[in-house]
Amino acid sequence: MEGYLLDRMGSFMAESAMRQLDRHLQRESDARGWHTTRRFSPGYRDFNIEAQVPFVALIGKQWPGLRLTAG
């Protein structure tokens, strides 16, 4: 149960942070006359889970311990 609750809280916190960032980017884009698209995450609907590979390659050095596994 403890693991489940920690996982749910981590997911909640990550989603909250991304929503806040998305709102910020939308406001900034609107102010410049730009437009944003909907958010997509690897593994969400038609966004292939394999897309995680380049993302991790881009940010992996900034987040020590971040790694992809077969699971």
Side-chain angles (χ1 to χ4, degrees):
M1 184 64 162
E2 182 178 326
Y4 170 78
L5 291 174
L6 289 172
D7 178 64
R8 292 303 304 146
M9 285 304 299
S11 296
F12 174 79
M13 292 172 70
E15 178 62 22
S16 294
M18 290 302 101
R19 284 183 182 181
Q20 183 178 4
L21 176 61
D22 187 54
R23 284 191 300 269
H24 170 76
L25 292 174
Q26 285 180 355
R27 285 190 302 268
E28 191 172 295
S29 295
D30 289 345
R32 295 178 183 206
W34 298 346
H35 301 282
T36 59
T37 62
R38 294 185 342 225
R39 284 178 41 212
F40 286 98
S41 299
Y44 181 76
R45 296 192 184 193
D46 60 348
F47 194 171
N48 191 323
I49 195 74
E50 295 296 320
Q52 289 184 20
V53 174
F55 288 122
V56 171
L58 287 170
I59 64 172
K61 292 180 181 178
Q62 296 174 13
W63 288 5
L66 178 65
R67 62 188 174 96
L68 290 175
T69 65

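Side-chain atoms are counted along with the backbone in the values below, which use heavy atoms only and exclude waters and symmetry mates.
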Review point. By the rule that ILVMFWY residues connect when side-chain heavy atoms come within less than 4.5 angstrom, directly or transitively, which residues belong alongside Trp63?
Key: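 When side chains under 4.5 Å apart are linked, the cluster holding Trp63 also contains Val53, Val56, Leu58, Ile59, Leu66, Leu68.
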Check your understanding: Which ILVMFWY residues can you reach from Leu25 by hopping between side chains whose heavy atoms are under 4.5 Å apart?
Key ->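 Answer for Leu25: Met18, Leu21.
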**Study point:** Distance-only side-chain donor-acceptor flag, Gln26 / Asp22, under 3.5 Å
**Key:**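 Result is yes, a qualifying pair exists.
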